[in-house]
Amino acid sequence: MKIAVLPGDGIGPEIVAQAVKVLKALSSDGMKIEMEEAPIGGAGYDVAGDPLPAATLKLAQDADAVLLGAVGGWKYDTLPRPMRPEQGLLRIRQGLNLFANLRPALLYPELADASTLKPEVVSGLDIMIVRELTGDIYFGQPRGIHINADGEREGFNTMRYSESEIRRIAHVAFGIAGKRNRRVCSVDKANVLETTELWRQIVIEVAKGYPDIELSHMYVDNAAMQLVRAPKQFDVIVTGNIFGDILSDEASMLTGSIGMLPSASLDSNNKGMYEPSHGSAPDIAGKNIANPLATILSVAMMMRYTFNDEATAQRIERAVKKVLANGSRTADIWTEGTKKVSCSEMGDAVVAAL
Ligand code: NAD
Ligand code: IPM
Ligand code: MN
């Protein structure tokens, strides 16, 4: 297994170091794992003047899977857009054709009290958000800021989806639902936006090939509300890039913290990039207090989706569960009566439980 390791910025290096400990532990148990590190985001800009240095993209292309921390930081926020850390992330997603982003919002029972929602609302929660990742308003042309006919500045972006882009992400969602509770809720804004009117039509067409899966549709504003009202009604949610970005951050709080939400970004051959759903958390960077579990759980997803090794995926997830059951908590999920641990102590605890 050749894994490209891209720590990135902010808490990225701290949380990735914990996931690397887990990979090293698996490696010393006999798994053949090779890791090589490269800079991305602000770190890429600092060393190579580019948030996605050519050598980093090449390393990622040549690897079987990519482990990424997070990118972004205050000091880069005023750079010209092409130089900003976030562009490195968007370009690597596009460059590797990682169109399917899976973000599982799963509540570990031990964390029912850590959520800001009532335990009875979230206990038993297990949602898979399937977010399209290489299209939509994120990539649509034209875009920019120009002077309009009235002589004032005007910003514009283009929301667009082709039929084939919608079709392939719908197939991913139905495929995943078939291995779960066989329900897909497609989230759109078909009442207002043509792009998502087409989205709904295509999803309905694709659904005909999956007669055993129940399909429903929901407008995104209602979905945002339902996620906090009664989140357990959802099994698989499939949606576009921007709605998926927003809804997955919202869903993360159902699980206790955004520090718990892993993700897999896959191409059509299940090659993938694995990263937590959260960002570089500049407000807590360098303090060794970030929650590394989303990153460690992303390694579990890597074993499951790219390396087809369900046993190892579950071994990592069981280790996380055991650590939580023993009462270890980073600050973001700490509650009265549990033991507060640092980022690196959490990593060590998972390795010990493994
Ligand atoms: P963020 O996810 O970085 O942080 C939001 C809040 O959640 C912060 O209070 C932060 O401390 C907390 N948080 C996030 N991850 C945590 C963890 N593992 N443990 C404990 N607390 C955690 O979002 P933001 O503040 O909006 O963005 C910060 C930077 O990250 C920006 O530059 C943004 O563009 C970038 N970003 C990158 C990614 C990515 O690399 N995938 C994702 C989102 C945001
Ligand atoms: C995410 C992030 C990224 C996104 C940013 C940093 C480009 O928020 O992975 O959720 O918007 O996709
Ligand atoms: Mn996001």
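All ligand and atom numbering here is 1-based and tracks the order in the structure.
The shortest non-hydrogen separation linking Ala114 to Thr335 is CA-CG2, 4.0 Å. Closest approach of Ser186 to Leu215, counting heavy atoms only: CB-CD1, 4.2 Å.
Residue-ligand proximity, Glu275 to ligand 1, at heavy-atom distances under 4.0 Å covers atoms 41 (N). Those atoms of ligand 1 that come under 4.0 Å of a heavy atom in Leu89, given as number and element, are 39 (C), 40 (O), 41 (N). Near Gly73, with a cut-off below 4.0 Å to any heavy atom, the atoms of ligand 1 are 32 (O). Of all atoms in ligand 1, numbered sequentially from 1 with element shown, those under 4.0 Å from a heavy atom of Gly72 are 32 (O). The Ala70 neighbourhood of ligand 1 comprises atoms 40 (O), with distances under 4.0 Å to a heavy atom of that residue.
The closest side-chain donor-acceptor pair between Lys58 and Gln61, if any, does not fall under 3.5 angstrom. For Asp9 and Ser280, the side-chain atoms include no donor-acceptor pair closer than 3.5 Å. Side-chain contact check for Asn326 and Ser328: no donor-acceptor pair (N or O, by modelled atom type) lies under 3.5 Å.
The existence of a salt bridge linking Arg304 and Glu317 is confirmed by a sub-4.0 Å separation between a basic side-chain nitrogen and an acidic carboxylate oxygen. The pair Arg160-Glu165 does not count as a salt bridge, with every side-chain nitrogen at least 4.0 angstrom from each carboxylate oxygen. Between Asp348 and Lys21 there is a salt bridge, with a side-chain nitrogen of the basic residue lying less than 4.0 Å from a carboxylate oxygen of the acidic one. Look at Arg329 and Asp113 and you find no salt bridge, because none of the NZ, NE, NH1 or NH2 atoms lies under 4.0 Å from a carboxylate O.
The proximity of Pro282 to ligand 1, defined as any non-hydrogen pair under 4.0 Å, is limited to the side chain. Contacts between His278 and ligand 2 below 4.0 angstrom, taking non-hydrogen atoms only, are absent altogether.
Under the 4.0 angstrom criterion for non-hydrogen atoms, Arg131 is in contact with ligand 2. Note on ligand 1: Ile258 sits in its first shell, one or more heavy atoms being nearer than 4.0 Å. Ligand 1 does not have Ala294 within reach: every non-hydrogen atom of the residue lies 4.0 Å or more from it.
For atom 41 (N) of ligand 1, the nearest protein heavy atom lies under 4.0 Å away. Contact annotation for atom 3 (O) of ligand 1: protein present (non-hydrogen atoms, distance under 4.0 Å). Within a 4.0 Å radius of atom 26 (O) of ligand 1, the protein contributes no non-hydrogen atoms.
At a threshold of 4.5 Å between non-hydrogen side-chain atoms, the residues His217 and Ile204 count as touching. Asp64 places none of its side-chain heavy atoms less than 4.5 Å from the side chain of Lys271. A heavy-atom distance below 4.5 Å is not found between the side chains of Gln226 and Val187. Counting heavy atoms from C-beta outward, Val172 and Ile176 have side chains that approach closer than 4.5 Å. Under the 4.5 Å side-chain criterion, counting only non-hydrogen atoms from C-beta, Ile202 is not in contact with Tyr161.
Below 3.5 Å of separation, one finds an N or O of Tyr138 facing an N or O of ligand 2. The shortest N/O to N/O separation between Pro276 and ligand 1 does not fall below 3.5 Å. Residue-to-ligand polar distances keep Ile284 apart from ligand 1: every N/O pair is separated by 3.5 Å or more. Between Arg103 and ligand 2, at least one N/O pair is under 3.5 Å apart. Looking at ligand 1, you won't find any N or O of Arg93 less than 3.5 Å from one of its N or O atoms.
Looking at atom 6 (C) of ligand 2, its nearest protein heavy atom turns out to be Glu86 CG, 3.7 Å. Closest protein heavy atom to atom 2 (C) of ligand 2: Asp245 OD1, 4.1 Å. Annotation: atom 35 (C) of ligand 1 to nearest protein heavy atom, Val71 O, 3.1 Å. From the protein, the heavy atom lying nearest to atom 3 (C) of ligand 2 is Arg93 NH1, 3.9 Å. For atom 19 (N) of ligand 1, the closest non-hydrogen atom of the protein is Asn291 N, 2.9 Å.
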Could you go step by step and tell me if Thr239 and Val130 meet the side-chain contact (heavy atoms from CB on, under 4.5 Å) rule? CA-CA 6 Å; Thr239 190; Val130 178; over 6 Å; no
Is there a salt bridge (charged side-chain N to carboxylate O under 4.0 Å, His left out) between Asp62 and Lys2 once you walk through the steps? CA-CA 8 Å; Asp62 293 346; Lys2 269 174 72 174; 5.8 Å; no
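Between atom 10 (C) of ligand 1 and the options Ile15, Asp283, Ile11, Leu6, the minimum heavy-atom separation is to Asp283. Relative to atom 29 (C) of ligand 1, the option among Gly279, Gly41, Ser280 with the closest non-hydrogen atom is Ser280. Residue Glu86 holds the heavy atom nearest to atom 31 (C) of ligand 1 of all those in Met260, Met273, Glu86, Met346.
For the Mn ion (ligand 3), the nearest N, O or S atom contributed by Asp245 is named OD1.
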